[in-house]
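I have placed the structure first, in the form of structure tokens, so that the comments after it can refer back to it.
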Protein chains: 2
Amino acid sequence: MSNYDKGARRERELLKKLDPEGFVGMRAPSSGSGGKKADGEERELPDVLAGDGDVFYAFESKTSGNDVIYIDGEEIDDLEFFSHMFGAQEKIAVRFDRMEWFFFDPSELYQTRGGNYRIKKENVNKGETLSELVC
Amino acid sequence: MSNYDKGARRERELLKKLDPEGFVGMRAPSSGSGGKKADGEERELPDVLAGDGDVFYAFESKTSGNDVIYIDGEEIDDLEFFSHMFGAQEKIAVRFDRMEWFFFDPSELYQTRGGNYRIKKENVNKGETLSELVC
């Protein structure tokens, strides 16, 4: 299974877990673009949007079979941009294999000197659990 | 070109027209589902979401080469449902061939006895224009 397929499956899984909590959502289209930035680069759409009529989230979803996840600073910038434009609350949704989902605000993530972000598996439980997210 | 391809092209066109007005948006994935309703039917996702940081719209987009457009009552129900859950304002975006886009609130549309909705080409300019929508 490709990384894309695995990511897509995880995103559908996330939506399924949010469903009994009263949330509905949608995934971004695989080929979708969020338009071009001033530098000519394509802006990346949030992976998943979900709301319950009370709160509305834009998720960047990151999954891994390894012990650490790196996230490009630009991905976080794009997520913050769309969240602002859509009136959504941005969250990084993280899932290491054989673990539950954990959720982070970008400001809670460790930032590298190069302006990227990092989450180690051993620290992932510092994020919110799904039940904390939806309560 | 299939009806789906034509619809998709029109939706991309709509996003392009919204872009210089300060809006960014995304189309729903072609194969996406918005989950199941109580009756087991799939809920239909809004065709397009777009926001400018101030207002956030969920669009059902309808285009036609004929003189009249019919919209299923269920599609409108689904649009209202998602708009509520996502904190968006619902709009029907209508485009007849060789005309501009016009935008309607569901309550402004003529409702048939069967609970569906109808827009005639001769009345389409009763809707908001794009510049009225974004102002």
Side-chain angles (χ1 to χ4, degrees), chain A residues 4-5 7-9 11-38 40-61 77-90 134, chain B residues 4-5 7-9 11-38 40-61 77-90 134:
Chain A
Y4 171 74
D5 289 341
R9 199 181 59 172
E11 292 165 19
R12 281 189 290 265
E13 251 180 52
L14 174 58
L15 283 172
K16 258 192 199 156
K17 281 187 180 286
L18 286 167
D19 176 86
E21 308 297 336
F23 279 75
V24 294
M26 74 188 235
R27 297 178 50 230
S30 51
S31 61
S33 150
K36 282 199 171 37
K37 295 187 264 201
E41 290 268 319
E42 292 285 332
R43 198 172 269 129
E44 204 182 302
L45 292 166
D47 293 318
V48 172
L49 300 173
D52 71 348
D54 190 29
V55 64
F56 180 47
Y57 289 118
F59 295 107
E60 183 69 26
S61 153
D77 290 348
D78 291 352
L79 178 67
E80 291 185 330
F81 175 79
F82 273 99
S83 300
H84 169 69
M85 297 299 257
F86 285 7
Q89 209 176 315
E90 70 261 27
V134 302
Chain B
Y4 171 75
D5 289 341
R9 199 181 60 173
E11 292 164 19
R12 280 189 291 265
E13 251 179 52
L14 175 58
L15 284 172
K16 257 191 200 158
K17 281 189 181 284
L18 286 167
D19 176 87
E21 309 296 337
F23 278 76
V24 293
M26 75 187 238
R27 297 177 51 231
S30 51
S31 61
S33 150
K36 283 199 171 40
K37 295 187 263 201
E41 291 268 319
E42 291 285 333
R43 198 172 271 129
E44 204 181 302
L45 291 166
D47 293 318
V48 172
L49 301 173
D52 71 347
D54 189 29
V55 64
F56 180 47
Y57 289 118
F59 295 108
E60 183 70 25
S61 152
D77 291 348
D78 291 352
L79 179 67
E80 292 184 330
F81 174 79
F82 273 100
S83 300
H84 168 70
M85 297 299 258
F86 285 8
Q89 210 176 314
E90 69 261 27
V134 300

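Remember, it's a predicted structure, so these values are computed and weren't measured experimentally. Residue numbers start from 1 in every chain, and the chains themselves are labelled A, B, ... in the order their sequence lines are given, proteins ahead of strands.
- With a 4.5 Å cut-off on non-hydrogen atoms, B:Phe81 touches chain A through its side chain but not through its backbone.
- Residue A:Leu15: no heavy atom, backbone or side chain, is found under 4.5 Å from chain B.
- When heavy atoms are compared at a cutoff of 4.5 Å, A:Ala50 approaches chain B solely by way of its backbone atoms N, CA, C and O.
- For the pair A:Met26/A:Val48, no side-chain contact is recorded, criterion being any heavy-atom separation below 4.5 Å from C-beta on.
- Ranking B:Ser83, B:Gly35, B:Gly51 against chain A, the residue ahead of the rest is B:Gly51, based on heavy-atom pairs under 4.5 Å.
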Please assess A:Arg43 against A:Phe82 for the test side-chain contact (heavy atoms from CB on, under 4.5 Å), listing each intermediate value before the final yes or no. CA-CA 9 Å; A:Arg43 198 172 269 129; A:Phe82 273 99; 3.6 Å; yes
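- In this structure, chain B has no heavy atom under 4.5 Å from any part of A:Tyr57.
- More than 12 heavy-atom neighbours from other residues, nucleotides or ligands sit within 6.0 angstrom of NZ on A:Lys37.
- Nearest heavy-atom pair, B:Asp78 versus B:Glu42, reported as atom, atom and distance to 0.1 Å: OD2-O, 4.3 Å.
- When ring centroids are compared, B:Phe56 and A:Phe56 come within the 6.0 Å threshold.
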